[in-house]
Protein chains: 2
Amino acid sequence: MKTRDIGRSAVRDELARTAFPLFCDRGFDEVTFEELATVAGVSRSTFLRYFGSKEEVVLFSFDPLGAQMVEALLDRPAHEKDRTALRHALSPATGFLNRDPAEGLALLRLIGRTPALCARLREKQAGWRPGLARALAERPGARPGPDLRRQVLAGTALECLTVSLEHWASSEGDIDLDGLINDSFSALSD
Amino acid sequence: MKTRDIGRSAVRDELARTAFPLFCDRGFDEVTFEELATVAGVSRSTFLRYFGSKEEVVLFSFDPLGAQMVEALLDRPAHEKDRTALRHALSPATGFLNRDPAEGLALLRLIGRTPALCARLREKQAGWRPGLARALAERPGARPGPDLRRQVLAGTALECLTVSLEHWASSEGDIDLDGLINDSFSALSD
DNA sequence: CCCTAGTTGATACTGAGTGTCAAAGTCGAG
DNA sequence: CTCGACTTTGACACTCAGTATCAACTAGGG
């Protein structure tokens with residue numbers, strides 16, 4: 001039954017793809033499911049079945065990043081300090097947006113000017129913190145320590161990501177995103 | 001026209017106060033505006049006029065914290081390092097929850113098990129970051145530097161607050177909250 | 001006392017999100 | 001190829017959040 005799931009996520013991608021320009025043009029709140037469905041050529045019911053909420057239509061593409069960052073963190077060499085490893089572990093996120101910078105910027109702009117999307121993305125990000133913290137405890141050569149410390153380290157890394165993305169978006173992508181990440185982490189240790 | 005505004009916020013407090021136990025008992029999503037209004041003895045229209053959304057009924061009490069933390073930060077002595085000043089600037093938030101620990105814990109629990117409230121609170125917190133960053137630039141004896149650094153410092157301070165509150169809530173308030181804040185900041189510099 | 005401005009509750013409306021159902025489509029087994 | 005099980009789809013009905021409007025009411029200032 002794998003073909004079902006493949007088809008399902010392909011349809012998801014396609015629906016989101018047709019929805020994106022509408023959101024960008026007219027604003028997230030001004031577009032209804034009815035219109036999204038009409039443009040995509042399906043019924044409102046079907047569209048709603050693929051996304052639990054309107055926010056998900058925009059934000060579901062961020063979902064894999066949590067697991068990808070955990071994997072990236074676990075792949076860092078044992079001798080690397082936690083903070084450095086975390087900095088490198090953000091690469092799935094920067095890569096996701098840098099793959100197609102124009103679309104990445106449009107996405108961040110849309111999110112930035114839509115409070116509901118800001119809130120939901122922050123919620124998603126907050127959901128990544130526990131996983132990263134656990135990965136910190138499980139990485140090769142991890143020294144035991146309080147959970148609080150790992151949560152703080154993971155949380156600050158994600159906050160560096162957020163701040164960097166904000167500056168990247170407001171520079172229209174002119175500044176190198178990975179450079180901003182490095183600068184953000186530098187600000188942590190001075 | 002000051003009496004109007006005083007009366008207005010007094011009514012707000014009272015409405016929120018009557019609503020809180022309902023949310024705690026039956027869950028945020030299971031309570032409708034209709035019920036809130038009935039219990040409070042006003043019409044649905046009136047209740048809705050005092051709060052822009054259902055989330056605000058629970059979260060509006062956090063609103064003053066942003067300005068209070070900025071004020072607290074500006075009051076810190078000039079010789080204090082930015083990070084230390086930020087740590088102390090969180091005291092309005094810890095004080096707000098420690099004033100009545102039982103209610104503070106109930107509030108955090110309610111938020112913790114309601115995704116919509118999590119998201120909105122995170123949004124509010126994110127809104128405090130720019131103010132704190134600006135205050136960092138304006139504090140007595142501030143050395144000029146890139147905005148990115150100040151945003152990161154303010155963001156990490158707020159993340160320390162979030163993580164500390166999370167641990168405080170999951171310990172049922174047994175662990176000292178200000179101690180957790182200190183420990184969180186310690187994790188930043190090692 | 002009256003006039004004005006703000007408050008209230010009633011009503012109606014849009015749109016998100018849920019649930020149900022029958023019809024149509026898909027896939028594997030015989 | 002055909003049958004039967006399972007899935008997907010679209011239609012419909014429903015609840016509730018949130019917005020807007022309006023007439024009745026109320027409080028404060030002159």
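A, B, ... follow the sequence lines: proteins, then strands. Residue 1 opens every chain.
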[X] has a side chain; which of [options] sits nearest to it?
X	options	answer
S45(B)	dA10(C), dG10(D), dA13(D)	dA10(C)
T32(A)	dT7(C), dA16(C), dA11(D)	dA16(C)
T46(A)	dT9(D), dG18(D), dA16(C)	dT9(D)

- Should the pair R26(A)-E35(A) be classified as a salt bridge under the 4.0 Å nitrogen-to-oxygen rule? yes
- Would you call R76(B) and E71(B) a salt bridge, taking side-chain N to carboxylate O under 4.0 Å as the test? no
Interatomic distance where [atom1] belongs to [X] and [atom2] belongs to [N] [whole Å]:
X	N	atom1	atom2	answer
R8(A)	dT26(C)	CZ	P	16 Å
F33(B)	dA10(C)	CZ	P	17 Å
F47(A)	dT8(D)	CZ	C1'	16 Å
F28(A)	dG15(C)	CZ	P	14 Å
E35(A)	dG15(C)	CD	P	8 Å
L36(B)	dG9(C)	CG	C1'	17 Å
E30(B)	dC16(D)	CD	P	10 Å
E34(A)	dC13(C)	CD	P	17 Å

- Query: Has the side chain of S43(B) got a donor or acceptor atom that lies under 3.5 Å from a matching backbone atom of T46(B)?
  - Reply: yes
- Query: Under the 3.5 angstrom rule, does the side chain of K54(B) hit a backbone N or O of L48(B) as a donor-acceptor pair?
  - Reply: no
- Query: Can you check whether R129(A) reaches E159(B) side chain to side chain, under 4.5 Å on heavy atoms?
  - Reply: yes
- Using a heavy-atom distance cut-off of less than 4.0 Å, which residues of residues 48-58 of chain B contact DNA chain C? R49(B), Y50(B)
- Query: What distance do E80(B) atom CD and R139(B) atom CZ have between them, rounded to the nearest 0.5 Å?
  - Reply: 6.5 Å
- Do you know which of M69(A), Q151(A), R150(A) makes side chain to side chain contact (heavy atoms under 4.5 Å, CB included) with L132(A)? M69(A)
- Message: Regarding V11(A), tell me which of base, sugar-phosphate or nothing describes its non-hydrogen contacts under 4.0 Å with the strands shown.
- Response: nothing
